[in-house]
Amino acid sequence: MNLAANLFDAHSIVGDLGLIGVLAIIFAETGLLIGLAFPGDSLLFIAGVAASGSGAAILGGASLDPVALFIGAPIAAIIGSQVGHWFGATYGRKLFSRPDGRFFTQSKVAATEKWLNKYGTGKALVLARFIPFVRTLINPLAGVVGIPVKKFFFWNVLGAIIWTQGIIGLGYLLGEKLEGSVDKYLLPVVGLIIIVSVIPVAIEFFREWSTRRHHS
């Protein structure tokens, strides 16, 4: 394990830190405010490639145990989110009163709170998994607004499984078929993931716009 790894680069995390590093970043991104800066979707995708049969050849020697990754990733995401919820429930608004920084801003807090209020607990927690910064902030915010632990846990587990297994699985399947560098596939795949994840949001926005237009 290379402790000098770049924690903001998915390739470096997978290649230098291995499975433990991947799981630690997943936990931090979903459970701690410092996770706002970490590469969630791209990390899962690269980890999936690294777990494939040709992963080591594609990523310059980096490889991960597929069974450990597919089991460990959702567990890390679930535990991270539960920790985030606990922080929110325990420390309340003090957690969100910090001044703007490079990655943490009050505008992100406002956007996340609006997201939670608009789409409700279930839909918000599942969809938030696919939206950078929202998946980090929504967990403590759910604790702040008093969402019960059991209710949060159910949607947390569902969202974590869909998010991790979906993106890791995509990387794994592509890794079995790819030859050469994965770089040219990374941005299009992550972009596609983001587009697909925001489709429900776009539909809701269009419905709201249509309703307002109709009543006006």
Side-chain angles (χ1 to χ4, degrees), residues 5-32 35-56 58-59 62-82 84 112 115 122-139 155-178 181-202:
N6 182 354
L7 298 182
F8 307 113
D9 180 75
H11 280 230
S12 180
I13 294 170
V14 172
D16 296 330
L17 300 181
L19 179 64
I20 297 300
V22 171
L23 299 183
I25 294 297
I26 293 173
F27 168 83
E29 194 197 16
T30 54
L32 308 174
L36 287 166
F38 292 147
D41 296 324
S42 59
L43 176 61
L44 292 178
F45 178 69
I46 292 295
V49 174
S52 68
S54 55
I58 296 173
L59 298 175
S63 63
L64 298 175
D65 183 305
V67 176
L69 177 63
F70 276 102
I71 293 176
I75 293 176
I78 291 168
I79 295 175
S81 294
Q82 290 298 142
T112 303
W115 177 282
K123 185 186 295 186
L125 289 175
V126 173
L127 292 178
R129 288 288 184 179
F130 297 88
I131 309 297
F133 90 77
V134 175
R135 64 171 159 260
T136 303
L137 295 179
I138 199 170
N139 301 312
W155 293 108
N156 173 25
V157 171
L158 181 62
I161 292 174
I162 293 174
W163 179 53
T164 59
Q165 305 303 282
I167 300 181
I168 290 174
L170 179 61
Y172 181 85
L173 292 175
L174 289 178
E176 295 290 335
K177 301 179 180 298
L178 296 181
S181 175
V182 73
D183 289 337
K184 64 180 180 179
Y185 299 95
L186 178 58
L187 288 180
V189 169
V190 173
L192 178 61
I193 291 169
I194 294 175
I195 290 173
V196 171
S197 65
V198 300
I199 286 177
V201 181

Mind checking what makes side-chain hydrogen bond (donor to acceptor under 3.5 Å, both in side chains) contact with Ser81, not counting sequence neighbours?
-> Arg129, Asn139, Asn156
With rounding to the nearest 0.5 Å, note down the distance linking CD1 in Ile13 to CG in Leu43.
-> 5.0 Å
Give, for atom CG of Leu17 and atom OG of Ser12, the distance between the pair rounded to the nearest 0.5 Å.
-> 6.5 Å
In this structure, CD1 of Ile138 is separated from CG of Leu125 (nearest 0.5 Å) by 5.0 Å
Atom pair CD1 (Ile78) and OG1 (Thr164), whose distance is rounded to the nearest 0.5 Å | 7.5 Å
Please assess Val126 against Trp163 for the test side chain to side chain contact (heavy atoms under 4.5 Å, CB included), listing each intermediate value before the final yes or no.
-> CA-CA 8 Å; Val126 173; Trp163 179 53; over 6 Å; no
Interatomic spacing from CD in Gln165 to CZ in Phe70 - rounded to 0.5 Å | 6.0 Å
Sequence neighbours excluded, which residues qualify as ring pair (Phe, Tyr, Trp, His ring centres under 6.0 Å) partners of Phe27?
-> none
Looking only at heavy atoms, what is the nearest atom pair of Ala160 and Pro74, with distance?
-> CB-O, 4.0 Å
Full working for side chain to side chain contact (heavy atoms under 4.5 Å, CB included) between Phe38 and Thr136 = CA-CA 10 Å; Phe38 292 147; Thr136 303; over 6 Å; no
Between Ile46 and the options Val14, Asp41, Leu64, Val22, the side-chain contact (heavy atoms from CB on, under 4.5 Å) test singles out Val14
Rounded to the nearest 0.5 angstrom, the CG-CD1 distance for Leu69 and Ile26 is 7.0 Å
